[in-house]
Protein chains: 2
Amino acid sequence: MANIKDVAKAAGVSTSTVSRTINNSKSIPDDTKARINEIMKKLNYTPNQNAKSLTTNKSYTITLIVDVDDEKSFQNPFFYEIMHGIEKQVYKKEYSFIVANLKTMMKKLTVLDWLIKSKRTEGVILPSSMLDSITVESLRKDKIPFVSIGEPIHIKESITWVDIDNKRGAEAATFYLLEKGYKSVAFLGLNQTKLFNRRRYEGYLNALHSENIEIDSKLIIDCNNTKADGYQSMKALLALEKCPDAVVCADGELSFGAIKAIKEHGLAIPEDFGLISYDESKIAELSYPTISTVNVDMFEMGQQCAKLLFEQIENQNTRDQGILISTSLNCRETTKN
Amino acid sequence: MANIKDVAKAAGVSTSTVSRTINNSKSIPDDTKARINEIMKKLNYTPNQNAKSLTTNKSYTITLIVDVDDEKSFQNPFFYEIMHGIEKQVYKKEYSFIVANLKTMMKKLTVLDWLIKSKRTEGVILPSSMLDSITVESLRKDKIPFVSIGEPIHIKESITWVDIDNKRGAEAATFYLLEKGYKSVAFLGLNQTKLFNRRRYEGYLNALHSENIEIDSKLIIDCNNTKADGYQSMKALLALEKCPDAVVCADGELSFGAIKAIKEHGLAIPEDFGLISYDESKIAELSYPTISTVNVDMFEMGQQCAKLLFEQIENQNTRDQGILISTSLNCRETTKN
DNA sequence: TGTTTTCACGCAACCGGTTGCGTAGACTGT
DNA sequence: ACAGTCTACGCAACCGGTTGCGTGAAAACA
């Protein structure tokens, strides 16, 4: 395989000139560049990244860290979309990106440290669930750019993050249900431990407030994001004296359980009961009836993460910022037309 | 940051000795090793991978290639599981792995070539759908180990691949339905363009043959792996004079449509009608009723891919082989007990 | 035509490891 | 005590690029 010396020899120039051609330095005239490029093509030459990385001290690689434990298996397509978005940006820059799943490795900081110290990565994208003050401090000390997937929790430091606009999504869903004539809208899946559940809850409250509708705490169910919990919670809602006729679900899996309960109760969807859920993947299409959802664009989220990361890698002094990706409503069969 | 010279100086030895300690050479006595390791820890030293890669000509990195176009969005968790399996093996070896989605890049060979020539990857795991003779030839020429995810199609060359044992899975599903007393088992989703659909079909046929049941071609429906096709095809089955009372679905999405059709027809599941599908993710849990499935272990598949790849990377002369991952039945609510 | 500026490019050190070869000193055997 | 063997480790070249500095020649200027 050809190396830079072979190219230099073939072109009758020094390796410096070839290197400058590769890196498009202004001090090489265009015709010389053209000639050398020609020869590189002829020799089928590709620069050795390791050599390049060694001298420049850049790995041209970023890392996506995944925390498998934190995800329900079918929430994973959600990560797949993020990956796809990141990758699009990464390859634009001729970078590559590696995926590290911290479940596999023993300790978070050990992995990160290894990736960084061994010069395998220039920047990190990681879920907010993995960020604590110690990690942030450690990354800052090593001057490693990072972006959080999701609004950070339990962190006082100001960092850069990207999240779905959960609040407005739920707000829009609630408005929509009211607009379609549903009289009493419940909320399923207030889960104080999950920030995105809480934000969605806030959106629900917001909507009711602006419509001057009194909040009925019985209509707000605190439960986990599982089908089983959705089923039980919905049953509880339907057993109420002042039973609601619509619900906003904070989570996709939840809503499958909820729909089961509604059907068993003998109510017709969407005539007697309306439902809007959240959708990180496309499973809402599979339900019968198909589920109306707040659509979240995880591909865009991935792209934003990567963009923000590259900004940090390229500029030293960018300021930390939080970005919210806006959502859209996708009305399918669980809401009146 | 400390480098190997700093360590050598601190230990009063040459860099050679430190390097040999790192690589655990036998020519360094244990006490010396211990002392040097101590110092490395104290200095918080991690070898620079780029330097290492440059001399050893190994990148300690493998690549997973994904073809987004080929996948339905909710089939992606399936890829996620594979990733996870690969990763487990990769980190055992202190390798890392990069993910390249060829949709993003312009041409398959260009990407592969770049990854290889630039010394960014030592081996490749890629879906069978991306393998054609030209690609195989190119990889062989560069002596790059590779493993195909899925039994290869349209290739005469013998290569190494890993696939799900689709045939036996469908066979077992068919046996199970018959065993449970269903009289007439149909097959949904013969799709000649997809090898795994075809294999599942073969399994179905196998089972009927060994039970000496005559094949009724009306009970075999050729359709795509979509919910809509599942719905239409099941409707067609139910409209038959000699209507079946059970079905094996070649695909998960299909079965959601099929169930919808069965319900609309007024049949009780599983009493009047039994169904077994395939499950690459966990969406079968979400359906109402939950779907009995042939379980496929994509995590294991990923692990096998990585293991076979590392065998090739480490040994020069391994022989090409195909490995089938066995499946298991997970009987949920669409089959009688 | 002589002087200064600019341009194009080469020299050589350097990035941080690895490794073949060589050797000093310890150890073994007689 | 001496030759031969073995052990532990250093020397220095090398991997394939990048880049600060320097220089000869051409261009611009007076």
Side-chain angles (χ1 to χ4, degrees), chain A residues 1-37 39-40 43-61 94-96 114-122, chain B residues 1-37 39-40 43-61 94-96 114-122:
Chain A
M1 255 192 53
N3 62 22
I4 200 172
K5 280 181 199 160
D6 300 326
V7 175
K9 202 171 299 170
V13 296
S14 71
T15 61
S16 323
T17 304
V18 177
S19 175
R20 291 188 177 109
T21 300
I22 294 167
N23 296 295
N24 206 19
S25 152
K26 332 115 235 77
S27 74
I28 307 289
D30 289 345
D31 53 342
T32 309
K33 277 183 188 164
R35 192 165 52 87
I36 294 176
N37 280 321
I39 289 171
M40 295 198 293
L43 294 182
N44 196 9
Y45 165 75
T46 308
N48 181 319
Q49 279 288 343
N50 297 126
K52 183 166 185 159
S53 291
L54 181 57
T55 43
T56 59
N57 206 23
K58 302 190 69 186
S59 58
Y60 305 96
T61 300
E94 291 228 320
Y95 268 56
S96 59
W114 180 70
L115 285 170
I116 293 163
K117 294 265 172 52
S118 68
K119 301 288 179 190
R120 280 185 175 236
T121 198
E122 282 180 51
Chain B
M1 255 191 54
N3 62 22
I4 201 172
K5 282 181 198 160
D6 301 326
V7 175
K9 203 170 298 170
V13 297
S14 71
T15 60
S16 320
T17 305
V18 177
S19 174
R20 291 188 177 108
T21 300
I22 295 168
N23 296 297
N24 206 20
S25 153
K26 332 114 233 80
S27 73
I28 308 288
D30 287 345
D31 52 342
T32 309
K33 274 183 189 165
R35 193 165 52 86
I36 293 176
N37 279 321
I39 290 172
M40 294 198 293
L43 293 182
N44 195 11
Y45 165 74
T46 308
N48 182 317
Q49 279 288 344
N50 297 127
K52 184 166 186 159
S53 292
L54 180 58
T55 44
T56 59
N57 206 24
K58 303 189 70 187
S59 58
Y60 304 97
T61 300
E94 291 228 319
Y95 268 57
S96 60
W114 180 71
L115 285 169
I116 293 162
K117 294 265 171 53
S118 68
K119 301 288 181 191
R120 282 187 172 231
T121 198
E122 281 181 50

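Proteins get letters first, then strands, A, B, ... in listed order; numbering begins at 1 in each. Computed from a predicted structure; not experimentally measured.
Heavy atoms only, all atoms of each residue included: A/Ile4 and A/Val18 are closest at CG1-CG1, 3.5 Å. Annotation for B/Trp114 and A/Thr46: closest pair CD1-CG2, 4.0 Å, computed over non-hydrogen atoms.
If you walk DNA chain C from 5' to 3' and mark each nucleotide with an atom closer than 4.0 Å to a heavy atom of chain B, the marks span C/dG16 to C/dC21.
Other residues, nucleotides and ligands contribute more than 12 heavy atoms inside 6.0 Å of the NZ atom of B/Lys117.
Across all strands, B/Val13 comes closer than 4.0 Å only to sugar-phosphate atoms, never to a base (heavy-atom distances). Residue contacts shown for A/Ser53 are absent, as no nucleic acid heavy atom lies under 4.0 Å away. Residue B/Ser16 is classed as a base contact, given a heavy-atom separation below 4.0 Å to a base. In this structure, A/Ser19 reaches the bases: a heavy-atom distance under 4.0 Å links it to at least one base atom across the strands shown.
In this structure, B/Arg20 and A/Ile4 both approach DNA chain D, and ranking their closest nucleotides by distance from the 5' end singles out B/Arg20. Sequence order on DNA chain D of the closest nucleotides to B/Thr55 and A/Asn23 puts B/Thr55 first from the 5' end. When each of A/Val18 and B/Ala51 is assigned the nucleotide of DNA chain C with its nearest heavy atom, A/Val18 is the one assigned upstream, toward the 5' end. Between A/Ser14 and B/Tyr45, the one whose closest nucleotide on DNA chain C sits nearer the 5' end is A/Ser14.
Contact of the B/Met40 side chain with the B/Ile36 side chain is registered, since non-hydrogen atoms from C-beta on lie closer than 4.5 Å. Under the 4.5 Å side-chain criterion, counting only non-hydrogen atoms from C-beta, A/Ser53 is not in contact with A/Lys119.
At a cut-off of 3.5 Å, with distance as the only test, no side-chain donor of B/Asn50 or A/Lys52 sits close to an acceptor on the other residue.
What separates NZ of B/Lys9 from P of D/dG10 is a distance of 14 Å, to the nearest Å.
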